[in-house]
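Here the structure comes first, spelled out in structure tokens, and everything after it is commentary.
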Amino acid sequence: MSLRRPLSAAAALAVALSLLTAPAAAADDFPFRNPSLPLDRRIDDLLGRLTLDEKISLLHQSQPAIPRLGMPYHKNGTEALHGVAWSNDDEHDWAQTFASGTVFPQAVGLASTWDPDLVKRVGSAVGDEVRGYNSVNPVVWGTQVWAPVVNLLRDPRWGRNEEGYSEDPLLTGAVSTAYGKGLEGDDPFYLKTAPVLKHYLANNNEYQRSLTSSNLPPRVKHEYDEAAFRPAISADAATGVMGSYNLVNGRPNTVNPDLDDVVRSWTSKDLYNVSDAWAPHALTDPEHYFSNETEAFAAALKAGIDSFTVDDNKPATMTALIKDGLAKGLLTEGDVDRAVRHDLSVRFRLGQFDPDGGPYAKIGKEVIDSAANRRLNREAADKALVLLKNSGRLPLDAARTRKVAVVGPLQNTLFRDWYGGQMPYQVTPLQGIKERLGAGASVTGTDALDRVALKDVKSGRYVTVTDAATPVKVSDTAPAAASEFDVTDWTDGVSTLRNAGNGKMLTGNWGTFLASSDNPDGWYVQQQFRLEKQDDGTYLLHYAGYEVNESWWSLGDYVTVGADGTLGFGSKADAAHFAKEVVSRGADAAAAAVKGADAAVVVVGSNPWVAGRENHDRTGLELGEGQQDLIAAVTRANPNTVVVLEDGYPTTMSKVQDRVSSLLWTTHAGAETGHALADVIFGDVDPAGRLTQTWYRSAADLPDILDYDIVKRDRTYLYFKGSPLYPFGHGLSYTTFGYQGLTATPRGDGYDVSVKVTNTGSRAGDEVVQLYTHQRTSRVKQPVRQLRAFQRVSLAPGRTTTVTFHLKTADFALWDVTRNKWTVESSAQDVLVGSSSAAIRQRTTIDVKGEKIPHRDLSATTRAIDFDDYSGVTLTDETKERGDAVAGKDGAWIAFRDVAFGRPPTGVAAGVASASGGSIELRLGSPTGTLVATVPVAATGGPYTWATATAAVKGATGVRDLYAVFKGDFKLKDLKLS
């Protein structure tokens, strides 16, 4: 590689002459400091000057300065998911330090704009602010950033749903590429920031995330999960990936050989791959994948991890392990050099070794929370809003709407999330509506929460707060402010309780309870409770702080009452029973507030810290019952009601779904949320956000969250055959659009697809034109439809535009498991254009010329994982270094479809590994079909000790499906008929 910053011929000559004459005594005179030299030469020069100890120090997240070479301190991992969020301070015990710049809408909201150009501008603004913070304190604010998150939103119960973009790999790829390009800047060589894609690979559950394995059959792996990561890497919109905590097919991603073998093959640029925090240590505990940490760290480095995110800013442990690996021959200095080259490549492109710091070094703190970024933030929040339902009430006429009641738990508050910064200002929904309607209007706000008192049935006393520092007891004999709590029933049945006396939340405190928190916060979020109603009408307080899920927690997760009245922890059997006395109903307060108003705006939704977040998933999709009761009361009291649902994931409202006639969805959209809501509610902006996920009617539509095979389980819009609540791509407008004249014309390497789109309404608006295809015939199960292209267009009333997409024939390729390659099948393809995956407005058909996948030939060695169907098996690792296999027990099976036996086989050889042995039955047509072979599997000594098992085959003729049925407990890596 020989990338360089362009110089004029005269300047290049002057520099070259200076190299011949200048002394090499000062660091500034070293060749690696010369911007005109090719990057490889600069790296070679610097690498050659580093000692082994210095090189090893560069394998850590926190890289010390090397003064003798003029190398500054460098820290990986400024969080920049939707704005500069936080970083760690090397000089103050690795303290988490928050930014206070522009907080843009959450990532899923940015994707909901379906506007890559906008997302790129947002990424560029975030990159500017990273540089602005770096100019103030380069030790805290590094310019290697951990963003974006491109994990597919396969399951909406994922606790980190708001961090991703979409369930669709094409949309995810387009948005992540745009955001990454913005973060990097437009210089052909230098990087504004160095973005790292999270989290490779198939990381869409938080439950036991360091222990669970995402089973990916080859088609799912190549066509779906890898397809989300490849676009940004291929477009050089990211400088590396972060290995995720989970395992894939039995192997931890921290030692996934695809980090080198696959990901680096997508680009000619050097990639700098990092581990997730603490993940290298997890290889030994809790994963027990390696017997000691020397082996684990060596394996991670050899697999393609270039930077160890371990032990905060203390590299001593890592250093000792790498040196031990070198001493034991598990690593060579060449392995270290290879990783260091990747580190240096990115640091050079960040300008760290240029005399002037590179072109982005001039960006200063003035860009942070700039007026331009505030305007961009408002535009992003505007464009992210999705109109889910509208009976015609929206938009409201501001001239006729002079009295508005804004109600609900989010009416006058905004929340940050775990990967968001502190907002320097906030425009809440209430404030935005007040500002829009002006001083002459009457705009009121109320949270409309239930206020309750909790009486311990046994003692007859109420849960009472003395002050924020005193353990909470049952003491009051009659309800008073100190013994009353405002309950916010968030989502998935989890609530928070704020004391009416001191305004603080009831909080778990490692043994007792305090009322000490302003908001849900912290790693363990100790402000969460489930109020579980019992058959006798009493309630148990089920504590849902996240620490109760840890293996070391032993106190129990129910609230008890001690002999002295102090609240504590215990088992369900020991839990105190409480009478829940309703002091005032939020629904009644809401109904009173909206009565007589020209319009009611109900703002409900989630708290990003509650009922699912990093390290925790949700169990359901339902909005809290209390919030649904509030909606019901308001819609009864005032028919002119608009409901705003503000959260980071698909949410159901089964009690009131049919009662709500006008429904807007927004993610937690940052400081400009209130302005954006007012813009759309009053029609200053046409809503044109579109859903990036399927909104299912209930969690019953979803299989187990740990099942990653979207093809077999009919997951996501690609394969789901049910009726969703709202389909992928859905979103309404205040105007209407007509589609005419769809054509698909062969050109070059594919087809030009054109359609005319007309604004047929009376007002200007945006439409998101979506192109899907469906393959009619195939050897394998095909998606119901698949997004191939999209474009957001703005049209004045009566105006028409022609939208043209180019479909490449190669776009129709599928992963052919029979030959391990991408293959385009000959088939008719339906071309479908419309405003969502379910609102197809025009269609045509093209005949794609490809090939017919031949019958399987099992006379060549065939990997077991390349099956066509399966039941009861687990996908697992062949060795700790590489390779996939299939593990099964009694009755499990894999199937190979359309096997051409040709000359009838007489024997079979299978690669097996087992501690106990068993047998493989080969059967035709079904798992109980004609038996043609029984292959005895002897114990081999363990799961990584492979042997070849053989048997005679009799009666396999013609073209048939072949089933390999497991009897016993063993692993199968391949088979071959002879």
Side-chain angles (χ1 to χ4, degrees), residues 43 47 50 52-61 63 76 196-197 199-201 210 213 226 229 233 239-267 269-285 287-311 315 317-346 876-885 943-944 946:
I43 294 174
L47 190 63
L50 295 169
L52 178 59
D53 283 349
E54 289 169 340
K55 287 188 285 191
I56 292 173
S57 76
L58 301 181
L59 300 178
H60 197 262
Q61 176 193 6
Q63 301 172 14
N76 293 330
V196 170
L197 304 183
H199 311 81
Y200 192 87
L201 179 73
S210 291
S213 180
E226 285 180 355
F229 284 84
I233 297 293
T239 58
V241 300
M242 174 185 285
S244 57
Y245 289 118
N246 61 294
L247 296 78
V248 165
N249 296 352
R251 182 182 295 106
N253 275 320
T254 306
V255 290
N256 188 339
D258 289 353
L259 293 167
D260 259 351
D261 300 347
V262 176
V263 178
R264 295 194 201 277
S265 73
W266 294 336
T267 178
K269 297 280 183 69
D270 277 341
L271 295 179
Y272 179 46
N273 297 330
V274 306
S275 81
D276 209 335
W278 171 79
H281 288 311
L283 292 168
T284 49
D285 186 17
E287 291 169 349
H288 303 295
Y289 198 71
F290 294 96
S291 59
N292 62 76
E293 289 207 305
T294 296
E295 292 179 0
F297 276 56
L301 192 69
K302 290 178 78 69
I305 291 292
D306 303 311
S307 176
F308 291 87
T309 312
V310 292
D311 307 311
T317 297
M318 180 213 72
T319 299
L321 292 170
I322 296 298
K323 287 186 173 181
D324 192 37
L326 289 166
K328 291 177 177 175
L330 299 175
L331 291 171
T332 67
E333 189 168 352
D335 295 320
V336 174
D337 287 352
R338 179 181 60 106
V340 172
R341 288 189 70 88
H342 299 149
D343 169 53
L344 295 179
S345 175
V346 168
T876 187
D877 50 345
E878 179 182 340
T879 70
K880 291 184 184 294
E881 290 76 29
R882 62 185 62 249
D884 294 320
Y944 299 111
W946 291 93

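The shown structure was predicted, so the numbers you read here are calculated from the model rather than taken from an experiment. Only this structure's heavy atoms are used, side chains among them; waters, hydrogens and symmetry mates stay out.
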Inset, instruction - For salt bridge (Lys or Arg N to Asp or Glu O under 4.0 Å), just list the numbers for D324 and K328, CA-CA rounded to whole Å, side-chain angles, deciding distance to a tenth of an Å, and then say yes or no. - result: CA-CA 6 Å; D324 192 37; K328 291 177 177 175; 3.1 Å; yes
Inset, instruction - Take Q63 and D343 through the side chain to side chain donor-acceptor pair (under 3.5 Å) test and state the conclusion after the steps. - result: CA-CA 10 Å; Q63 301 172 14; D343 169 53; 3.3 Å; yes
Inset, instruction - Evaluate salt bridge (Lys or Arg N to Asp or Glu O under 4.0 Å) for E333 paired with K55, printing each intermediate quantity in order. - result: CA-CA 9 Å; E333 189 168 352; K55 287 188 285 191; 2.6 Å; yes
Inset, instruction - Give the intermediate values and the outcome of side-chain contact (heavy atoms from CB on, under 4.5 Å) for residues L59 and D306. - result: CA-CA 6 Å; L59 300 178; D306 303 311; 6.0 Å; no
Inset, instruction - Check the pair S345 / R341 against side-chain contact (heavy atoms from CB on, under 4.5 Å), numbers first and verdict last. - result: CA-CA 6 Å; S345 175; R341 288 189 70 88; over 6 Å; no
Legend entry - V336/L301 under side-chain contact (heavy atoms from CB on, under 4.5 Å): CA gap, chis, key distance, verdict: CA-CA 8 Å; V336 174; L301 192 69; 4.3 Å; yes
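Of the possible donor and acceptor atoms, one in the side chain of Q61 sits under 3.5 Å from a partner among the backbone N and O of N76. At distances below 3.5 Å, not a single donor-acceptor pair connects side-chain atoms of N256 with backbone N or O atoms of L259. A donor-acceptor contact shorter than 3.5 Å is absent between the side chain of D260 and the backbone of P257. Within the 3.5 Å criterion, the main-chain N or O of E54 finds a donor-acceptor partner in the side chain of S57. Looking at H60, its side chain never comes within 3.5 Å of a backbone N or O of M318 through a donor-acceptor pair. Proximity of a side-chain donor or acceptor of R264 to a complementary backbone N or O of D270 within less than 3.5 Å is not detected. Checking side-chain atoms of T319 against main-chain N and O of P315 turns up a donor-acceptor pair under 3.5 Å. The main-chain N or O of A277 is found under 3.5 Å from a side-chain atom of Y245 such that the two form a donor-acceptor pair. Checked by atom type and distance alone, the side chain of T239 never pairs as donor or acceptor with a backbone atom of L271 at under 3.5 Å. Without hydrogens or angle criteria, T284 side chain to F290 main chain gives no donor-acceptor distance under 3.5 Å.
Contact of the F297 side chain with the V310 side chain is registered, since non-hydrogen atoms from C-beta on lie closer than 4.5 Å. Between I322 and T294, every side-chain heavy-atom pair lies at or beyond the 4.5 Å cut-off. Side-chain contact check for V340 versus I43: every heavy-atom pair is 4.5 Å or farther apart. Within the 4.5 Å cutoff, side-chain heavy atoms of H281 are placed close to those of T317.
In this structure, Y200 and F229 have perpendicular ring planes: the angle between them is above 60°, well past the 30° mark.
Rounded to the nearest 0.5 angstrom, T876 OG1 and R251 CZ are separated by 8.0 Å. The line from CG of N249 to CG of D884 is 4.5 Å long, rounded to the nearest 0.5 Å. Here CG of D258 is found 8.5 Å from CZ of R882. Values are rounded to the nearest 0.5 Å. The CE atom of M242 sits 4.5 Å away from atom CG of D276, with the distance rounded to the nearest 0.5 Å. Distance check, rounded to the nearest 0.5 Å: CG of L50 to CG of D337 gives 9.0 Å. One distance of note links OH of Y272 with NE2 of H342; it measures 11.0 Å at 0.5 Å rounding.
Among residues two or more places apart in sequence or in another chain, the side chain to side chain contact (heavy atoms under 4.5 Å, CB included) test is passed with S244 by H199, N203, N246, N253. When the salt bridge (charged side-chain N to carboxylate O under 4.0 Å, His left out) test is applied to D877, the partners found at least two apart in sequence or on another chain are K971.
Between S213 and G250, the shortest heavy-atom distance links the atoms OG-N, 2.8 Å. Heavy-atom minimum distance, K302 versus L330: CD-O, 3.4 Å. Listed here is the closest heavy atom pair of L283 and P252: CD2-CB, 3.5 Å.
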